Amino acid sequence: MGSQISKQIERRKEILTEKKVLVDLEESSGETYPGSDYRPSDRNNWMAGFNPEKLHTNQIVWPGTHDSASNRIGIPLITRPFAQCQSLSIYRQLCVGTRVFDIRVQEDRRVCHGILTTYSVDVVIRDLKKFLLETESEIVILEIRTEFGHEDPPEFDKYLEEQLGEYLIDQDDSVFGKTIAELLPKRVICVWKPRKSPAPKHGSPLWSAGYLKDNWIDTDLPSTKFESNMKYLSEQSPVSSRKYFYRVENTVTPQADNPIVCVKPVTNRIHGYARLFITQCFSKGCADKLQIFSTDFIDEDFVDACVGLTRARVEGKA
């Protein structure tokens, strides 16, 4: 018992030390970067606000969410706090400005996070289509994967093509250099990541796993995750020459050896440092590599941080 208590005390000290690292970094460097003062007047249509004929796909800093469809996962107040990473529905996330979604499914097409489940993926598709009908120039990246430990839903690729066919942008390397206007009226880049089923092929309406990459590490330590994100981002090519999307996740994850295992208080350790991360990208010389930036419990300020940098790129200031 004594050794367990001692271990928890040391873990608590480690977390406090790591939080202080980010606080000190924020105080010394600030959170100002090209576009940091920009606030879009209409987050629902922020891409349209940049003129689709001038905004290139590879200029966009895409605001994304981690475990996007977990707002109603599990049982409220019982299992939900251990798996919920978003409080907004997919539709509300779209309206606030989110443009990249991370959806995990199991065999019966229900959205899941580990062993916990929520609504059918039909709800995700319905929310997305509602938003697409209400807007004209917003492009969305929809990543759908079979959750670890589960089997692929049968014929899921056909399901996605049937549901989203008119909106799907075909898998094609030339997309990265095109303007939004050149992609329209197609609106959705759908990345399907099955565990065992065949991967989508070049020219397919669906995109294969290699087109959306990241380097996720499983930690609840905020400075460790912050530095890991920076390290892996710095190893990527600039967005202007990449033929894949690269995601940085501004999140940390509850660990079994720590008493705090609910998502929100843990991920809050890093949540407020999104602007600091972008500022440090400029300091480290890798701001031209940032592309998809994702978070738990997305809010307007996170979206604005990404949209502001996008604007700076369009204006040639970043």
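On a predicted model such as this, the values are computed, not experimentally measured, just so you know. Atoms considered below: every heavy atom in the structure, side chains included; atoms not considered: hydrogens, waters and symmetry mates.
Ring orientation note: the planes of W62 and F245 are nearly perpendicular, at an angle over 60° on the 30°/60° scale. Using the six-membered ring where Trp is involved, F156 and W192 have ring planes that are tilted, between 30° and 60° apart. Using cut-offs of 30° and 60° for the angle between ring planes, the W46 and F50 rings count as perpendicular.
Of the candidates D102, D67, D152, R145 forms a salt bridge (charged side-chain N to carboxylate O under 4.0 Å, His left out) with just one, namely D102. Results of the salt bridge (charged side-chain N to carboxylate O under 4.0 Å, His left out) test with D220 over K19, R11, R12 single out R11 as the only residue that passes. Screening K186, R99, R187 for a salt bridge (charged side-chain N to carboxylate O under 4.0 Å, His left out) with E138, the sole residue that qualifies is R99.
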**Message:** Between T224 and I217, is the side chain to side chain contact (heavy atoms under 4.5 Å, CB included) condition met? List the steps.
**Reply:** CA-CA 9 Å; T224 294; I217 68 166; 4.2 Å; yes
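Looking at residues two or more places apart in sequence or on another chain, you find no side-chain hydrogen bond (donor to acceptor under 3.5 Å, both in side chains) involving T295.
At most 12 heavy atoms of other shown residues, nucleotides or ligands fall within 6.0 angstrom of atom NZ in K284. Annotation for R43: atom CZ counts as buried by contact number, over 12 foreign heavy atoms lying within 6.0 Å. The neighbour count for E134 CD, taken as heavy atoms of other residues, nucleotides or ligands under 6.0 Å away, is above 12. Around the CG atom of L133, the shell of radius 6.0 Å holds more than 12 heavy atoms that belong to other residues, nucleotides or ligands. Under a cut-off of 6.0 angstrom, the local environment of CG in L184 is crowded, with over 12 non-hydrogen atoms contributed by other residues, nucleotides or ligands. Residue E235 qualifies as enclosed at atom CD: its count of foreign heavy atoms under 6.0 Å is above 12.
Figure legend: cation-pi geometry between K264 and F297, with NZ or CZ positioned under 6.0 Å from the six-membered ring centre and within 45° of its axis.
Between F293 and F302, a ring centre-to-centre spacing shorter than 6.0 Å is recorded.
Within the 4.5 Å cutoff, the side chain of L22 has no heavy atoms near those of the R269 side chain.
Hydrophobic clustering (ILVMFWY, side-chain heavy atoms < 4.5 Å, transitive): I169 and V239 are in distinct clusters.
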